[in-house]
Structure formats: structure tokens, C-alpha cells
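Report on the structure given below.
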Amino acid sequence: MLTFGFSCASTMGRVQFKKRLLTLSRRQTAMSGLATLTVLAFIVSGGWGVSSSQDCSYSGLLTHLNLVPQNEALSIVRPVKNWTSTILVRLDMVLLGILDVDEKSQTVTTHVWIQTVWLNEFLTWNSSNFCGIKTLTVPRKMLWIPDIAIQEGVSDTGSDLESPMVTLTPNGMVFASKRQRLTSTCQLDLYLFPFDVQRCNITFASMNYFAESLELGTTNSDETLTLVSERLMVTQGEWQLTNIAINNYTLTKSVFSESRLIYTVTITRKPMLYVVNFILPLFYFLLLDLASFFIRGEKLSFKVTVLLSISVLLLILKDMLPSTEENLPFMASYCVAVFTLVGLSVLEVMLVNFLMELDGYCGEQAQRSVNTREVEIQLEADSQKQPAGAEERGRVTLAKTPGDHRDLLKLILEEVRAARQETGRPEDGRKPGCYTRLAEIIDTVYFVLYFLTVVIYLACLYISWQGHYTTLG
Ligand SMILES: *[C@@H]1O[C@H](CO)[C@@H](O)[C@H](O)[C@H]1NC(C)=O
């Protein structure tokens with residue numbers, strides 16, 4: 001054996017020698033492992049004439065591992081020596097960013113980094129035999145790679161940033177990593193929007209291998225991955241990563257079973273933007289509308305303006321929320337309630353205005369009759385005074401003819417008018433018609449009801465929201 005190897009080395013060229021080496025290693029199974037190794041070491045050192053006793057290039061290691069394009073078995077089948085053994089694939093996912101949460105299409109776009117580790121039983125070496133080589137990086141396509149896919153994934157092609165290389169370690173572990181702009185579907189629960197907490201599952205499973213051949217697991221615990229994600233997270237947008245939980249189980253269908261690894265990512269929305277932009281303005285509009293009951297005079301245009309402002313806010317809400325009829329978000333019910341309340345109060349103001357005007361029309365006629373009656377009374381009083389009043393002689397003589405009587409009447413009327421103008425139309429306040437009184441009652445009752453409704457509604461909303469919020473998270 002030994003002499004054979006030596007003579008080969010001395011007589012053949014390098015290329016031929018390599019070929020021979022390959023055939024040698026293929027025959028490996030026939031020989032005892034130790035003898036082969038010593039032979040190889042002897043040939044390598046003697047054949048190339050390297051001054052040091054060891055080969056410090058990668059090619060020696062490649063040769064040892066038989067990692068050559070011709071060795072297709074390495075990239076075709078699962079790297080196990082016994083076909084019945086299960087290969088454990090450990091998959092660690094770290095969240096690098098939360099890019100977008102689309103409420104309309106119910107998708108979450110994240111930036112993730114995924115490292116996959118598994119054992120290749122054929123690719124082990126003793127690093128002390130190879131100048132202490134601890135890692136070897138080879139093209140991905142030379143090796144078998146597990147076909148793990150994300151079930152919720154709806155990413156575009158090209159969103160994967162897969163490393164073209166994989167790294168090997170002496171104990172046969174293969175490390176493959178990739179970064180991905182992952183768009184995954186997620187059932188978003190928007191009831192508590194904008195105070196919502198979303199839980200999204202990212203499920204990893206092999207596309208072809210059953211659980212007997214391929215099992216999924218992780219290297220690190222949930223806590224570690226959450227911590228690392230929090231440290232590495234660059235962009236979060238309006239979201240805050242709360243937790244990453246890992247679950248792995250075997251899903252058994254009728255004849256076969258499938259190993260699954262589920263990452264449940266919990267994210268919480270930062271609600272401040274919506275509070276400042278949406279909830280507070282709506283609340284203030286409601287307060288303004290309440291306060292407008294104290295406006296004396298024209299209220300209608302003010303109220304309609306408030307109503308218009310609220311409908312602008314409703315338009316913004318429409319752009320944000322999807323139509324999930326079965327579970328109306330509490331934000332939407334809040335908006336609709338505020339809109340309805342303000343709308344009703346506009347109607348009420350219309351009714352009150354109408355009643356007032358009706359009263360004004362009747363009042364004019366009533367006023368006229370009251371005036372004539374007053375004049376009559378005045379006249380009677382004057383005529384009774386006439387004989388008694390000695391100082392008013394001249395006037396009485398003047399008033400004897402019917403034409404002069406009318407002049408006196410006019411005079412009195414003017415005096416009455418002047419007096420009324422001085423006191424500033426006391427008739428409207430002092431003697432309101434029945435409709436005005438009705439309108440005032442309606443206005444007051446409506447205001448009290450409105451106020452109570454607003455308070456009770458807001459209290460109920462807060463209580464139900466609090467209940468949901470505490471149960472959720
Ligand atoms: C997400 O995964 C958890 C844990 O396995 C499971 O209980 C839950 O039903 C899953 N959610 C969805 C929406 O699939």
C-alpha cells in the first residue's frame with residue numbers, strides 16, 4: 001500500500017495524481033479508515049513537496065470531503081448515512097424591521113433574517129489535520145439544502161436576498177442564511193384600532209419532506225430571538241415589537257405528517273398619531289356642537305360646518321380601515337355616533353328655527369291687535385280726563401272734532417313706539433308666543449338629552465374598550 005502510493009507520487013503529474021487520489025478515496029470503504037488517512041497524509045506531503053508537514057490550502061480539505069462537482073449525491077439527497085434517520089433542521093428567524101402593515105389587504109411586510117442549520121453526516125473533518133481550518137464556505141448549489149417555505153408568504157419573487165454560499169464546520173454542521181423582505185398574510189383584528197395588538201404567524205414547513213425525514217426546530221429560545229430582534233431592529237414605523245413566540249409541532253394528516261415551526265410575532269401599534277389626528281378632533285367637534293346651544297342667534301351654519309368637518313375625518317377613516325362587517329371597529333362606531341349626534345342636533349336647530357319663525361309670523365298679527373287695543377284704552381282714559389284736567393283745556397278743545405281725534409291717536413302711537421324703542425323691544429322677551437316657548441322647551445330638553453347621551457355613550461365606549469384591551473394584551 002505505502003510503496004504503491006509513493007511510486008505514484010513520484011512518477012505522475014499533478015492532475016493525474018489528483019485523479020488517482022479520488023479513486024483512492026472512493027475505495028475508502030474497502031480499507032480501514034485509519035490506514036487511508038495515513039496514506040493520504042503521506043502522499044499529500046510527499047507528492048507536492050510542501051515544506052511544512054501539513055497542507056494549509058482549502059483544496060486538500062475539499063479533496064478530503066470529496067466536495068467536487070462530480071459528487072452529485074451531495075446535492076441530490078438528504079445527507080444521512082442511514083435513510084431512516086431524521087434530519088433536524090434548526091431555523092432561527094430574527095426580525096430586522098417592520099416595514100408595513102396593510103389593513104386593507106391584511107398583509108404584514110417585515111424584513112427578516114433567517115439562519116438555517118443542519119447536520120451533513122458526510123462533511124466532517126478534524127481541523128487539526130488541516131492547519132486548523134474551522135470553517136469552509138462553499139457554493140450553495142453543491143450541497144443539499146432543505147426546501148423550507150413560509151406558508152403565509154406572499155412575497156414577490158426577488159424579495160429574497162439569499163446568500164450564494166453556505167458555511168461548513170468540522171462537525172458537519174451546515175449554516176445557510178438569507179435576508180428577506182417578507183410579505184405575509186395575517187388576520188388583523190382591527191376592533192381596537194388604533195390601540196390594536198396584532199399577532200401574526202409565520203409558519204415554516206418543508207414542501208416535500210414528511211416529518212419522518214425532516215424535523216424542524218430552533219437553536220435559540222424565544223427570549224433570545226426577541227432580544228436580538230429588539231436590538232437589531234432598525235425600522236419599526238408605527239409598530240412596536242412586543243414578543244416573538246416559537247411553537248413547533250407535527251401536523252398529522254391522514255397518511256403522512258408534516259413538521260411545522262411557527263413564529264408568532266406580536267406587534268403593538270403606537271396610537272399617538274391617530275389620537276392626535278383623529279380621536280381628539282372628533283371629540284372637540286362634539287364639544288363644539290354641545291357648546292353651540294349657548295349661541296344666541298344663528299346656529300345653523302355653525303352646526304353644518306361642524307358636520308362637514310366630521311365628514312372630512314370620516315373620509316380619512318375610510319382610507320385606513322378595511323370593510324370587516326362582522327366586527328365593526330370601535331373607532332368606526334365612535335365616528336358614526338358622533339356624526340349622528342351632530343346630524344341630529346342640526347335637525348333640531350332647524351326645527352327650533354322653524355317654530356321661532358312661525359311664532360314671529362303669528363306675533364306680528366297679535367301685536368297689531370294689541371297696539372290698537374292699547375290706543376283705545378288710552379283714548380278712553382284721555383276722554384275721561386278731559387273735563388277734569390283744567391290745565392289741558394286747549395288740548396281738549398282741539399280734540400273735539402273727529403279729524404283732530406285722529407291726530408291725537410297718531411301722537412299717542414308715536415309716543416308708544418318711542419317708548420318701546422327706548423326699552424329695546426320688550427315685547428319679544430316679555431310676551432313670547434306659544435311656539436317660541438315650545439321651541440325653547442325643545443331646545444332645553446334636547447340639550448339635556450344630548451349631553452346625557454354623549455356622556456353615557458363615551459362612558460360605555462370606554463368601558464367596553466377597556467374590557468377588550470385588558471383581555472387582549
Ligand atoms: C398561530 O399559531 C398559534 C400557535 O400555534 C395558533 O394557536 C394560532 O391558532 C395560529 N393563528 C392563526 C391565525 O393561524
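Quantities reported herein were computed from a predicted structural model and do not represent experimental measurements. Atoms within a ligand are numbered from 1 in the order they appear, just like the ligands themselves.
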Partner of H468 by ring-ring contact (aromatic ring centres under 6.0 Å, His included), out of Y191, Y462, F330: Y191
Sole candidate of W465, Y274, Y334 that passes ring-ring contact (aromatic ring centres under 6.0 Å, His included) when paired with F195: W465
Subset of ligand 1 atoms that lie under 4.0 Å from at least one heavy atom of N247: 4 (C), 5 (O)
Atom CD of E298: over 12 foreign heavy atoms under 6.0 Å: yes
Option of least heavy-atom distance to atom 3 (C) of ligand 1 (set: I262, I202, N201, D189): N201
Ionic contact status for E238 with R269, cut-off 4.0 Å: yes
4.0 Å protein heavy-atom contact status of atom 7 (O) of ligand 1, strictly under: no
